[in-house]
Student: 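For reference, the structure I am asking about is given below.
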Amino acid sequence: MSDQLKTRLIQIGLEQALVDEILNNGRLMKVRQDMPLISPGMKAEAMPMVISGTLRIMREDEEGNEIFLYYLEGGEACAMSISCCMNNMMSQFKAVAESDAELWMVPMGLIDQWMAKYQSFRKFIIDSYQERFDELMQMIDSIAFMNMDERLMKYLLDKKQSTASFEIEKTHQQIATELNTSRVVISRLLKKLEKEEKIELHRNRIEVL
DNA sequence: ACATTAAGTGATT
DNA sequence: AATCACTTAATGT
């Protein structure tokens, strides 16, 4: 398992000494599907790096309305958690395990040191920050400028990509909740997509063509 | 066979 | 695009 992480970290371009430090100082955390990792208002004490599985990152308001932002997949780090920790702030995000997942939790205290000590780590963090930022911008675009049917299609394609599978095992209600709309709307749009032969509908399952 | 949950649909705002 | 009200279909007990 930690071999898997090790090769991944080296692939990313981190030097051996740093990889060793990461391996020696983090801890493994296994999460089961649908387990919440963090909610707004909580404080993160470690930065998660995804070894396997995927995390779903969402925004959530006080009433429990939520909106899907992006997925974190194998090899990616939740760089956003750094900003909230460094400034001793509360999390602005909600993270849930989209599938069973293995995470490598790196204590925040070390992030600072490593950024100073290893230029490869600084680059890694800045790059992943950039990626998250880009995804957030995409999400703003899609919420502000796209119609619900385009948003839904984007959602389906995102999901397909993140799981490398054409099968999406979710109910219309779950999708509606993540996109912060109603089930009826999703059902109708999905039906339309099915007529356009972009997807196939089954109970609890959607097949992207 | 019956109850429960998911999905489909017309009508209205 | 949201909501209501209702139907139909799939699944669990």
Side-chain angles (χ1 to χ4, degrees), chain A residues 29-42 48 50-74 76 78 80-81 84 90-103 129-209:
Chain A
M29 184 170 159
K30 291 191 179 194
V31 285
R32 307 236 292 148
Q33 185 169 23
D34 295 327
M35 264 201 186
L37 264 145
I38 195 161
S39 305
M42 291 171 63
V50 181
I51 301 170
S52 67
T54 104
L55 303 182
R56 183 171 80 241
I57 312 299
M58 286 161 301
R59 196 91 234 274
E60 191 186 47
D61 71 6
E62 309 76 38
E63 282 105 57
N65 295 314
E66 60 183 47
I67 189 158
F68 166 73
L69 295 177
Y70 53 79
Y71 291 118
L72 276 182
E73 291 151 49
E76 298 183 316
C78 184
M80 290 292 167
S81 62
C84 110
M90 301 299 160
S91 172
Q92 301 291 111
F93 298 99
K94 178 182 179 184
V96 177
E98 177 77 2
S99 64
D100 289 357
E102 292 174 310
L103 311 174
Y129 224 94
Q130 181 67 44
E131 279 171 42
R132 294 311 125 214
F133 191 84
D134 287 346
E135 300 212 52
L136 285 176
M137 291 313 272
Q138 269 190 43
M139 213 48 215
I140 289 177
D141 286 350
S142 97
I143 294 168
F145 307 128
M146 288 165 69
N147 298 323
M148 201 34 133
D149 56 346
E150 298 173 289
R151 277 183 68 194
L152 178 59
M153 200 60 220
K154 172 171 156 45
Y155 173 89
L156 295 174
L157 293 175
D158 274 2
K159 174 71 180 164
K160 182 184 115 182
Q161 179 138 43
S162 85
T163 55
S165 158
F166 292 87
E167 310 270 296
I168 296 171
E169 297 200 344
K170 281 186 186 276
T171 66
H172 299 183
Q173 181 59 66
Q174 287 176 305
I175 297 172
T177 305
E178 288 179 36
L179 296 181
N180 195 33
T181 178
S182 70
R183 192 225 96 214
V184 191
V185 170
I186 295 298
S187 290
R188 288 210 165 102
L189 293 174
L190 285 172
K191 202 72 201 166
K192 201 179 85 187
L193 289 172
E194 189 181 38
K195 289 212 178 85
E196 294 167 6
E197 301 190 314
K198 290 178 179 163
I199 60 171
E200 251 175 54
L201 296 175
H202 314 271
R203 189 185 170 94
N204 288 325
R205 187 164 62 88
I206 297 166
E207 195 176 336
V208 181
L209 303 176

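Computed from a prediction, not measured in an experiment: that's the story for all the values here. Quick note on labels: first sequence line is chain A, next is B, and so on, each numbered from 1.
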Student: Could you state the CZ-P distance from Arg183(A) to dA5(C), rounded to the nearest angstrom?
Tutor: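 My rounded result for the distance is 14 Å.
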
Student: Assess, by modelled atom type and distance only, whether the side chains of Asp134(A) and Gln138(A) contain a donor and an acceptor separated by less than 3.5 Å.
Tutor: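 No, no side-chain donor-acceptor contact under 3.5 Å.
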
Student: In whole angstrom, give the distance that lies between atom CD of Glu200(A) and atom P of dG8(B).
Tutor: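 Nearest whole value for this atom pair: 13 Å.
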
Student: Would you say a side-chain N or O of Thr181(A) is under 4.0 Å from OP1 or OP2 of dA2(C)?
Tutor: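 Indeed, a polar side-chain atom of Thr181(A) lies that close.
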
Student: Closest to the Arg188(A) side chain: dG10(B), dG8(B), dA1(C)?
Tutor: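 Closest nucleotide to the Arg188(A) side chain: dG10(B).
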
Student: Considering just the side-chain nitrogens and oxygens of His172(A), establish if one lies under 4.0 Å of OP1 or OP2 belonging to dG8(B).
Tutor: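 Checking His172(A) against dG8(B): at least one side-chain N or O falls below 4.0 Å of OP1 or OP2.
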
Student: Ile199(A) has an atom CD1; how far is it from atom P of dA7(B), in whole Å?
Tutor: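 Distance check: Ile199(A) CD1 to dA7(B) P gives 12 Å.
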
Student: Taking Gln161(A) for the side chain and Asp158(A) for the main chain, is one N or O donor matched with an acceptor at less than 3.5 Å?
Tutor: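 Flag not set: sc Gln161(A) to bb Asp158(A) has no pair under 3.5 Å.
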
Student: Among dA1(C), dG10(B), dG8(B), which nucleotide has an atom closest to any side-chain atom of Asn147(A)?
Tutor: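 Side chain of Asn147(A) sits closest to dA1(C).
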
Student: Atom CD of Gln173(A) to atom P of dA9(C): distance rounded to whole Å?
Tutor: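 Distance check: Gln173(A) CD to dA9(C) P gives 21 Å.
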
Student: With a 3.5 Å cut-off and heavy atoms only, can you find an N or O donor on one side and an acceptor on the other between the side chain of Arg203(A) and the base of dT11(C)?
Tutor: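 No, no donor-acceptor pair under 3.5 Å.
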
Student: In whole angstrom, what separates His202(A)'s NE2 from dG8(B)'s P?
Tutor: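 Taking atom P of dG8(B) as the reference, NE2 of His202(A) is at 11 Å.
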
Student: Do side-chain atoms of Asp100(A) reach the backbone of Gln33(A) as a donor and acceptor pair under 3.5 angstrom?
Tutor: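 Between the backbone of Gln33(A) and the side chain of Asp100(A) there is a qualifying donor-acceptor contact (under 3.5 Å).
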
Student: Among dC4(C), dA1(C), dA7(B), find the nucleotide with the atom closest to the side chain of Val184(A).
Tutor: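 The nucleotide sitting nearest to the side chain is dC4(C).
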
Student: Under 4.0 Å, heavy atoms only, any strand: does Leu190(A) hit a base, just the sugar-phosphate, or nothing?
Tutor: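 Touches nothing.
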
Student: Has Gln174(A) got a side-chain atom pairing as donor or acceptor with Thr171(A)'s backbone, closer than 3.5 angstrom?
Tutor: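 Yes: the side chain of Gln174(A) pairs with the backbone of Thr171(A).
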
Student: Between Ile186(A) (CD1) and dG8(B) (C1'), how many Å, whole number?
Tutor: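 Roughly 14 Å, once rounded to whole Å.
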
Student: Looking at every strand, decide which applies to Thr171(A) at a 4.0 Å heavy-atom threshold: base, sugar-phosphate, or nothing.
Tutor: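 It contacts sugar-phosphate atoms only.
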
Student: Tell me: CG of Asn204(A) to P of dG8(B), nearest whole Å?
Tutor: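 Result: 11 Å.
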
Student: Just wondering, more than 12 heavy atoms not from Glu196(A) lying within 6.0 Å of its CD?
Tutor: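 Enclosed: over 12 neighbouring heavy atoms sit under 6.0 Å from CD of Glu196(A).
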
Student: Quick one: Lys191(A) NZ to dA6(B) P, roughly how many Å, whole number?
Tutor: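 From Lys191(A) NZ to dA6(B) P: 17 Å.
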
